[in-house]
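Everything on this sheet refers to the single structure shown next.
Residue indices begin at 1 and follow the sequence shown.
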Amino acid sequence: MSNVVDKLKGPEEVAIDDARKTVNRGIGQDAPVDESIDVGPSSEPRVILDLPVDWTGKRHQPIDISTTASRHFFRFVNCNQLTKQKRLQIVEYPHLSDTPYATISYVWRGKTAELDGVATFQVAGALNANPVSVEILHYICVVAEKEGVNYLWLDLLCIMQSDDDDKSWQIEHMYELYTCCTLCIVLPAGLQYIPRLDEETGWIHRGWTLQETVAPKRTVVLFRWTFGSGFVVASSGYGQFSTVTEVVPGYAIAAASDVVNACVVGFMFFFRKYPGDDPRVQPLFAMQTRIFGQLSSNLLSLAAAMDNVIGAGQDVREHAIWQCAMMRNTYDPVDMVFSIMGLFGVTLQVKGFAKHDRLGATIALARKVLESGKSASWLGTSFRLPPCRYLATFPIFPLTGLAEKALVRTKDGLREMSDFMDCEFPNADALQSGMPTGTMDDAGYLTFTSRYAYVVPEHQQSESNSADLLVKAVDGSVWKVVESPPTSPPTFAVIVGWFNEYTPGKTLALHYYWIKVVLVRDHAPGKAHIVLFGAMNQKFRKDVMMWKTGQFTVGGPHPVLHGQQHTGDESEVVEVVRDDMGFEMRKMGTQGRSYKTWKDLNAPRAAKAWSQVALEKFYATADRDTRLPTDWAEKGFDGFDS
């Protein structure tokens, strides 16, 4: 399900302005506890819609449940009725029943298909959404049934789209709906078309699909597939094997985490039978994989959030979630906060914020996160963007609603936010401390404790030697640690943490600049802001651990004016962003030899892997167990090791 709030308004969605008529423009309050969200014993469902799917083409009358459904109830599509009786039946429960159900993650306006003769329908109150293909809905129900599930939650049909009060209530319970489902089925291209694995979609750029992927106990992707069931390795080397399961001829499912990992490196290996440790069992082929995109930071951060090993650490997972959110898009800026609040265990009132008040909602979310005892895991979300001028502990916020992707303004024009993001995860063991904890006031000032030292620009020091402790800032400047500041106000290098670069299935120890800092300076008594982000060579680890510990209050420096609409830094033009900093900071050894990034390692292989179209043509005439008659050297692979 693409951004639920998105799908309720905007040029691509249906308006929900009436759901926000009463707006408290200050800090939002916690939503009242609703006992109906408790998972209770099953009760008899009430049928609110039951009609035969006996039409061809587009149904003339939109489906409307507003006259039969009850507000603030949970509703589901009956899969058995659709697959066995060819009837579209919707039932409702007063409570979130313990009856197993599946959910869907998709985009409302995805790829359109040629639907001549195919039964489709639209929903009253959501006419801006693409018509739904009954055939695609049938396939989804088949997947659910094969997983032992008879009910399906689909926002388009299960929310009263013509009732603003029901919409608002359903949105506030969205996280619980996805957390309690048996599985979530991802339809990356929407409800008209099922894509191949090598067809790129816009699913990963939408805000709400992050929660829909991370919250469920199990998430699978439905895609076009003609090679039968088997096993895949979704990485650049032999690792953990997972399954591809054919659900109906021509279509299959695989775990979303495996598909994400395959998109990260750009390809996957497919095996007909489980190879185990038998080197004689070779893959049938390596196939390009880009259904969620390819070789992007957006993918890498999502992979980190879903990683059962690295992502098991709370700081790591939540840091990755903040990164993902910064690289996604919603029509209304505030929805980017609502789309992730449940992942932090927080619920804010949807009506508590104006639709453009992303800053106010971000402050409210951050405050609640800290009050729960969690860390300021958003620190270091991007070390290559300037800090937000209103909320300095965050980088500048992207533009939202202008295009399908999250964008930032630069002197060279609009660019994707993901261009300036490095997927690095905090390593608490390295410096024997996790991400800082603390408090935040309603102006967005974060008060926390960390190690620090005074620094001055290196060019201001007449003498230097190899023993100097140096901080390299994102703008290319170098700062030297000194005993006492020569000027007032002083500049502090404050430790954020030790960050390792993430790659699925492994940690690449590729560079030496792992210690990340913020350079802060006071702009008012007891209040500081971030001047620059920077990094230090890991050889300074012991020195850094001897630094003094101090308390800092960091925010601003521009005030957040509550009662006004704040989107972040939409008007700010990024003048200085060093695209090469990620590489320049990673020089290895005295020769200055640069290492190979995960993109360097995998891009050539992804380019030389087979397209799914080429594979379909080959296996249309060949036995499906035939291994492609091309060795890896000829195809451009140097084995499976990275």
No-hydrogen, no-angle side-chain donor-acceptor test under 3.5 Å, Glu145 and Thr83: yes
Derivation of the side chain to side chain donor-acceptor pair (under 3.5 Å) call for Asn298 and Ser418: CA-CA 6 Å; Asn298 202 340; Ser418 60; 5.9 Å; no
Flag, side chain of Thr330 to backbone of Asp332, donor-acceptor distance under 3.5 Å: yes
Donor-acceptor contact below 3.5 Å, side chain Ser382 vs main chain Phe420: yes
Asp258-Ser242 side chain donor-acceptor pair, cut-off 3.5 Å: yes
Between CD1 on residue Ile204 and CG on residue Leu299, distance to nearest 0.5 Å: 4.0 Å
Aromatic plane relationship, Trp225 with Phe270 - under 30° parallel, 30 to 60° tilted, over 60° perpendicular: perpendicular
Verdict with supporting geometry, Thr103 and Ile185, side chain to side chain contact (heavy atoms under 4.5 Å, CB included): CA-CA 6 Å; Thr103 55; Ile185 304 165; over 6 Å; no
Reported CG-to-CD distance for the pair Asn329 and Glu404, which is rounded to 0.5 angstrom: 8.5 Å
Trace of the ring-ring contact (aromatic ring centres under 6.0 Å, His included) decision for Phe227 with Phe285: CA-CA 11 Å; Phe227 312 112; Phe285 51 77; 5.2 Å; yes
Heavy-atom side-chain contact between Val134 and Leu88 under 4.5 Å: no
For the student: nearest non-hydrogen atoms of Asp625 and Arg272, plus distance: OD1-NE, 2.7 Å
Geometric class of the Tyr139/Tyr251 ring pair [parallel <30°, tilted 30-60°, perpendicular >60°]: tilted
Test item: Glu246 and Thr226 side chains (from C-beta on) under 4.5 Å apart, heavy atoms: no
Closest contact, heavy atoms only, Arg328 versus Leu302: NH2-CD2, 3.8 Å
Val408 versus Pro398, closest heavy-atom pair with distance: CG1-CA, 4.2 Å
Verdict with reasoning, Ile159 to Met174, per side chain to side chain contact (heavy atoms under 4.5 Å, CB included): CA-CA 11 Å; Ile159 294 177; Met174 204 63 59; 4.3 Å; yes
Leu284 side chain reached by Phe269 side chain, heavy atoms, under 4.5 Å: no
Met421/Thr381 under side chain to side chain contact (heavy atoms under 4.5 Å, CB included): CA gap, chis, key distance, verdict: CA-CA 8 Å; Met421 306 287 281; Thr381 302; 3.7 Å; yes
Residue pair Lys86, Asp54: steps toward the salt bridge (charged side-chain N to carboxylate O under 4.0 Å, His left out) verdict: CA-CA 8 Å; Lys86 299 188 184 303; Asp54 57 2; over 6 Å; no
Evaluation steps, side chain to side chain donor-acceptor pair (under 3.5 Å), between Asn80 and Gln85: CA-CA 7 Å; Asn80 288 165; Gln85 305 300 325; over 6 Å; no
Side-chain heavy atoms of Ser611 within contact of Gln288, under 4.5 Å: yes
Aromatic ring proximity, centroids under 6.0 angstrom, Phe499 and Phe425: no
Heavy-atom pair with the smallest gap, counting every atom of Cys181 and Cys184: SG-N, 4.2 Å
Note, Asp419 side chain near Glu416 side chain (heavy atom, < 4.5 Å): yes
Student check: side-chain heavy atoms of Thr179 and Pro216 closer than 4.5 Å: no
Asp623 atom CG, neighbour heavy-atom count above 12 within 6.0 Å: yes
Nearest-0.5 Å distance that lies between atom CG in Asp335 and atom CZ in Arg206: 10.0 Å
Heavy-atom check, side chain of Ile291 versus side chain of Asp198, under 4.5 Å: no
Donor-acceptor pair, side chain of Gln323 and main chain of Asp422, under 3.5 angstrom: yes
Value rounded to 0.5 Å, distance of CD1 in Ile104 from CG in Asp155: 8.5 Å
CE-CH2 distance between Met287 and Trp610, expressed to the nearest 0.5 angstrom: 13.0 Å
Distance in Å, Glu424 CD paired with Ser301 OG, rounded so as to fall on 0.5 Å steps: 10.0 Å
Ring geometry between Tyr101 and Phe76 (parallel below 30°, tilted from 30 to 60°, perpendicular above 60°): tilted
4.5 Å side-chain heavy-atom contact, Ile90 and Asn78: no
Results of side-chain contact (heavy atoms from CB on, under 4.5 Å) for Glu147 - residues two or more places apart only: Leu183, Arg218, Ile253
Glu92: partners by salt bridge (charged side-chain N to carboxylate O under 4.0 Å, His left out), with sequence neighbours left out: Arg46, Arg75
Criterion side chain to side chain contact (heavy atoms under 4.5 Å, CB included) on Thr120 and Gln192, from CA distance to verdict: CA-CA 9 Å; Thr120 65; Gln192 284 194 12; 5.8 Å; no
Worked verdict on Glu199 versus Tyr193 for side chain to side chain donor-acceptor pair (under 3.5 Å): CA-CA 11 Å; Glu199 289 184 87; Tyr193 180 81; 2.9 Å; yes
Heavy-atom pair with the smallest gap, counting every atom of Gly266 and Leu295: N-CD2, 4.4 Å
Under 3.5 Å donor-acceptor, Thr219 side chain and Thr213 backbone: yes
Mutual orientation of the aromatic rings belonging to Trp322 and Phe344 [parallel < 30°, tilted 30-60°, perpendicular > 60°]: tilted
Trace of the ring-ring contact (aromatic ring centres under 6.0 Å, His included) decision for Phe292 with Trp203: CA-CA 6 Å; Phe292 296 145; Trp203 175 89; 4.4 Å; yes
Residues in salt bridge (charged side-chain N to carboxylate O under 4.0 Å, His left out) contact with Glu616, at least two apart in sequence or another chain: Arg224
Residue pair Ala305 / Ile321: nearest heavy atoms and the distance that separates them: CB-CG1, 4.3 Å
